[in-house]
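One-based numbering along the sequence shown. Everything quoted here is computed from the prediction, not taken from an experiment. Just the heavy atoms: all of them, side chains too, but no hydrogens, waters or symmetry mates, feed the values below.
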Amino acid sequence: MAKPPNGIGRSSMPRSNEGMRLIFSAVVGVMLGYLFGISFPTVNITKLHFPSSIISYIEDRNSGITTQTLLNHAWASANNRKKNNSDSNSDEIPKIYVPTNPKGAERLPPGIVVSETDLYPRRLWGDPSEDLTSEPRYLVTFTVGIAQKANIDAAVKKFSDKFTIMLFHYDGRTTEWDEFEWSKRAIHVSVMKQTKWWYAKRFLHPDVVARYDYIFIWDEDLGVEHFNAEKYIELVRKHGLEISQPGLQPDRGLTWQMTKRRGDREVHKVTEERPGWCTDPHLPPCAAFVEIMATVFSRNAWRCVWHMIQNDLVHGWGLDFALRKCVEPAHEKIGVVDAQWIVHQAVPSLGNQGKSDNGKAPWEGVRARCRKEWGIFQTRLADAEKAYYLERGITPPNSTAV
């Protein structure tokens with residue numbers, strides 16, 4: 001048999017070498033892909049930078065680079081990348097925790113914390129900094145029913161635009177008040193058959209009314225013909241009263257001598273009561289005492305009183321005897337303003353919101369609960385004070401009752 005020409009035998013060698021190089025390239029590519037895959041849990045293709053040796057190999061497949069060199073370079077690159085990632089993780093922004101922030105807001109930066117609010121209405125449009133044309137400095141609240149609409153209209157007109165007007169509606173009727181221009185600017189809260197102390201506990205939190213220097217919490221049946229709100233505040237400031245009320249004209253609706261108007265002075269802070277009623281001339285009802293029908297609180301006094309109001313005791317009986325615990329010395333900072341006086345009309349509107357039971361009138365059930373709440377409040381306060389002293393190993397005073 002004749003031998004094939006020499007050219008044919010020699011030309012098969014380059015084809016064989018070329019095939020080996022392609023296989024070698026494929027194997028190396030697969031291995032490097034695997035190594036990169038396990039080295040980088042997530043890889044952004046647009047940010048992937050191959051080692052320069054691989055780029056050189058792609059550009060010149062005849063460079064003679066060894067597999068070991070490629071693997072060594074890949075491992076070094078992966079390790080450097082892991083180290084850099086670890087270093088960047090150690091520089092994470094520390095978590096915020098500010099123990100001096102209000103409770104529950106410790107994870108907020110102090111600069112964003114707003115711990116107080118207000119009752120100023122705001123617009124739905126425009127620049128927030130331009131919402132308020134004025135910021136009232138005082139708050140007056142009335143707990144009202146529609147039957148006393150005319151009386152409340154007369155009372156509100158005694159308060160200037162320096163006052164925020166707030167009505168608590170115990171009969172659910174609010175739209176009828178729209179006939180008064182001032183009512184359109186007032187704040188109306190309506191919950192059926194609730195008292196002013198129920199409303200006060202839920203809607204007059206100290207952090208809500210913190211913008212107001214004084215808070216008036218008044219009944220609806222007060223005659224105000226001889227009363228001027230701003231002159232009243234002037235006298236309260238002049239005499240350093242933290243808790244006060246206007247004097248009551250003495251011809252009707254009067255329970256205590258302390259609240260009786262004196263015609264010969266601006267303010268009084270002490271009185272004489274019936275024999276045996278006052279064990280100490282500096283204690284209620286002879287001093288450190290005003291009633292709860294037309295009470296006026298300073299901002300600081302209200303912060304204390306609000307915390308003393310019991311959540312389930314809604315009539316407030318007994319609270320007036322305990323107000324002294326919120327100011328010191330109470331017999332100097334609680335008083336009656338005689339020069340600005342009112343008339344208690346004694347209209348039992350809220351009493352009639354009660355329920356008839358066993359043939360009794362609605363107001364009788366309300367009055368019975370008032371007395372019961374007074375006893376409960378006295379017991380709670382006395383027990384709380386005794387527990388405080390005993391916990392500290394101190395003998396309780398002879399009397400801590402209200």
Engineer: Would R202 and F168 count as a side chain to side chain contact (heavy atoms under 4.5 Å, CB included) here? Give the steps.
Structural biologist: CA-CA 11 Å; R202 288 152 182 83; F168 299 133; over 6 Å; no
Engineer: If I compare all heavy atoms of L108 with all of V98, which pair ends up nearest, and what's the gap?
Structural biologist: O-CG2, 3.8 Å
Engineer: Parallel, tilted or perpendicular for F297 and W302, by the 30°/60° rule?
Structural biologist: tilted
Engineer: Establish, from distance only, whether the side-chain atoms of S298 and N300 form a donor-acceptor pair under 3.5 Å.
Structural biologist: no
Engineer: Among L313, I309, T295, find the one that has a side-chain contact (heavy atoms from CB on, under 4.5 Å) with L319.
Structural biologist: I309
Engineer: In this structure, is the centre-to-centre distance between the rings of Y170 and W198 below 6.0 Å?
Structural biologist: no
Engineer: Aromatic rings H169 and H188: how do their planes relate, parallel, tilted or perpendicular, breaks at 30° and 60°?
Structural biologist: parallel
Engineer: Determine whether the aromatic ring centres of residues F159 and Y138 are separated by less than 6.0 angstrom.
Structural biologist: no
Engineer: Look at the rings of H205 and H307 and say which category their plane angle falls in: under 30° parallel, 30 to 60° tilted, over 60° perpendicular.
Structural biologist: perpendicular
Engineer: Would D153 and W177 count as having a side-chain donor-acceptor pair, cut-off 3.5 Å?
Structural biologist: no
Engineer: Just one of I165, L167, T164, T141 clears the side-chain contact (heavy atoms from CB on, under 4.5 Å) bar with I187, so which one?
Structural biologist: T164
Engineer: Please report the C-alpha distance between H315 and W374 in whole Å, then the side-chain angles of each, then the deciding distance to 0.1 Å, and finally whether the side chain to side chain contact (heavy atoms under 4.5 Å, CB included) criterion is met.
Structural biologist: CA-CA 9 Å; H315 288 290; W374 191 352; over 6 Å; no
Engineer: What about W218 and F227, are their ring centers closer than 6.0 Å?
Structural biologist: yes
